[in-house]
Amino acid sequence: MLDVQKNTSLKPYNTFSISVDANYFAEILSDQDLIDVLKSDLIKQQNLLVLGGGSNVLFTKDFEGLVVKISIPGISSVVEGDEVIVTAGAGVVWNDLVKYCVQNGFAGIENLSLIPGTVGASPIQNIGAYGVELKDVFKSCVAYEIATSEKRIFNYSDCRFGYRDSVFKNELKGKYIIASVSFALSKSANVNTQYGAIQEELNNKGIADPTIADISNVVSEIRVAKLPDPSTIGNAGSFFKNPVIAKDNFELVKAAHPNVVHYPAPDGKIKLAAGWLIEQCGFKGIVVGRTGTWKNQALVLVNHGNATGEEVYSFSEQIINDVNAKFGVKLEREVNIL
Ligand SMILES: Cc1cc2nc3c(=O)[nH]c(=O)nc-3n(C[C@H](O)[C@H](O)[C@H](O)COP(=O)(O)OP(=O)(O)OC[C@H]3O[C@@H](n4cnc5c(N)ncnc54)[C@H](O)[C@@H]3O)c2cc1C
């Protein structure tokens with residue numbers, strides 16, 4: 001029987017640690033719970049918000065409606081020759097899945113170690129870090145349509161993955177709830193060390209022939225050194241996406257700012273380092289009231305204690321305006337604003 005709570009604080013359920021309330025709150029522990037809630041009268045009368053670990057959201061006000069927190073558990077795997085199909089419930093903590101795979105010698109997601117959040121949210125923005133994106137290992141996911149409660153399987157091509165993007169953030173935004181995700185991993189460890197910081201750390205440790213466990217450890221260490229821990233300082237990781245711009249625009253930016261940090265992107269475009277752009281505007285490590293940017297990474301906005309979501313949001317507006325004025329580049333928020 002589904003337990004629906006009233007007037008629930010969402011502070012423990014968002015890593016920014018913003019203090020807001022929801023009218024109704026229900027935790028979903030199985031596919032059946034999900035079907036029950038989608039068929040219930042409550043959902044027809046309320047706005048709905050699907051929440052995983054709350055590590056990619058900024059609440060700017062109380063949520064007038066029903067929050068469903070997805071906690072569907074379970075990890076299983078099927079070995080098919082050199083390939084392994086691993087399936088995890090949407091509520092599994094992402095890093096618990098990474099640990100399971102590393103311990104069992106299933107290669108493919110070790111570069112994504114220590115990303116906060118749940119398995120169910122991982123396809124939504126095609127999570128990525130240190131040279132790997134979710135799309136590189138995604139096989140399929142099971143989702144339920146909110147309007148009809150019908151089950152649908154999404155394969156790779158259905159998801160239209162892009163940089164921090166998928167169909168679930170566009171045409172199908174707010175239309176489906178993901179219940180489980182399957183990943184195609186490998187039993188032979190083709191480790192990916194192309195990212196400079198990983199190679200540097202491996203060299204420092206004298207590891208010439210890294211295992212996937214080595215990669216997972218090194219990535220975790222780099223992340224701990226660089227990013228604030230949400231359990232001590234509220235944040236949602238990178239607040240903005242790295243802007244991807246046309247080559248002509250890039251030439252203009254480069255002419256005015258020859259040191260601009262950039263990387264090649266698909267279709268001849270250029271990706272700029274948003275953290276560098278923000279830093280150049282004097283924002284790195286700055287404290288503005290109860291919010292600000294992280295001292296080691298200007299791309300991360302933080303809650304220094306009891307900040308409201310509106311404060312964080314208006315600070316992000318200031319950053320967007322200043323970066324636009326200096327570089328002629330419009331930053332886009334990665335974090336979901338609610
Ligand atoms: C310190 C820190 C570091 C981070 N580093 C990275 C990084 O390196 N790379 C990266 O890509 N991200 C990073 N993030 C962002 C975040 O971890 C990811 O976006 C993660 O996938 C969010 O998972 P979640 O369960 O917390 O999602 P939530 O924040 O709960 O939800 C995010 C969005 O997905 C939707 N959603 C959640 N679950 C489901 C579901 N089951 N079905 C349908 N919709 C759903 C929500 O409605 C919301 O729109 C970081 C965050 C923090 C705090």
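The structure displayed is predicted, hence computed values, not measured ones. Indexing begins at 1, ligand by ligand and atom by atom, following the structure's order.
- The nearest heavy-atom contact from the protein to atom 1 (C) of ligand 1 is Asn235 OD1, 3.4 Å.
- Tested against Phe250, the residues Lys269, His262, Lys271 include a single side-chain contact (heavy atoms from CB on, under 4.5 Å) partner, His262.
- At least one N or O atom of Thr118 sits closer than 3.5 Å to an N or O atom of ligand 1.
- At a threshold of 4.0 Å, the pair Arg333-Glu317 counts as salt-bridged, since one of the basic side-chain nitrogens sits closer than that to a carboxylate oxygen.
- Summary of contacts: the protein heavy atom closest to atom 22 (C) of ligand 1 is Ser55 OG, 3.2 Å.
- Backbone and side-chain nitrogen or oxygen atoms of Gly53 are examined, and one is located within less than 3.5 angstrom of a nitrogen or oxygen of ligand 1.
- The existence of a salt bridge linking Arg164 and Glu133 is confirmed by a sub-4.0 Å separation between a basic side-chain nitrogen and an acidic carboxylate oxygen.
- A salt bridge links Glu332 with Lys241: the closest approach of a Lys/Arg side-chain nitrogen to an acidic carboxylate oxygen falls below 4.0 angstrom.
- When only non-hydrogen protein atoms are considered, atom 3 (C) of ligand 1 lies nearest to Arg223 NH2, 3.4 Å.
- Among all non-hydrogen protein atoms, the one lying nearest atom 33 (C) of ligand 1 is Asn336 ND2, 3.6 Å.
- In terms of protein heavy-atom proximity, atom 28 (P) of ligand 1 is closest to Gly54 N, 3.6 Å.
- Residues Leu66 and Phe25 have side chains not in contact (no heavy-atom distance under 4.5 Å, counting atoms from C-beta outward).
- Summary of contacts: the protein heavy atom closest to atom 9 (N) of ligand 1 is Gly128 O, 2.8 Å.
- Under the 4.5 Å side-chain heavy-atom criterion for grouping Ile, Leu, Val, Met, Phe, Trp and Tyr, Ile178 is not connected to Leu51 through any hydrophobic cluster.
- When the heavy-atom distances from atom 17 (O) of ligand 1 to Pro116, Ser113, Ala129 are ranked, the shortest goes to Pro116.
- If you check which protein heavy atom lies closest to atom 14 (N) of ligand 1, you get Ile115 CG2, 4.3 Å.
- Close to ligand 1: Tyr176, with a non-hydrogen atom less than 4.0 angstrom away.
- Salt-bridge annotation for Glu311 and Arg290: present, with a side-chain N of the basic residue lying under 4.0 Å from a carboxylate O of the acidic one.
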Item to check | Steps toward side chain to side chain donor-acceptor pair (under 3.5 Å) verdict (Asp214, Thr211) | outcome: CA-CA 5 Å; Asp214 292 327; Thr211 63; 3.2 Å; yes
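- Below 3.5 Å of separation, one finds no N or O of Leu49 facing any N or O of ligand 1.
- The aromatic rings of Phe154 and Phe168 sit perpendicular to each other, their planes meeting at more than 60°, with 30° as the lower class boundary.
- At a 3.5 angstrom cut-off on N or O pairs, Thr15 does not count as close to ligand 1.
- Ranked by closest heavy atom to atom 46 (C) of ligand 1, the top entry among Val50, Asn111, Ile28 is Val50.
- Note on Lys139 versus Glu83: no salt bridge recorded, every NZ/NE/NH1/NH2 to OD/OE distance being 4.0 Å or above.
- Between Asn56 and ligand 1, at least one N/O pair is under 3.5 Å apart.
- For atom 21 (O) of ligand 1, the nearest protein heavy atom (residue, atom name, distance) is Ile127 CG2, 3.2 Å.
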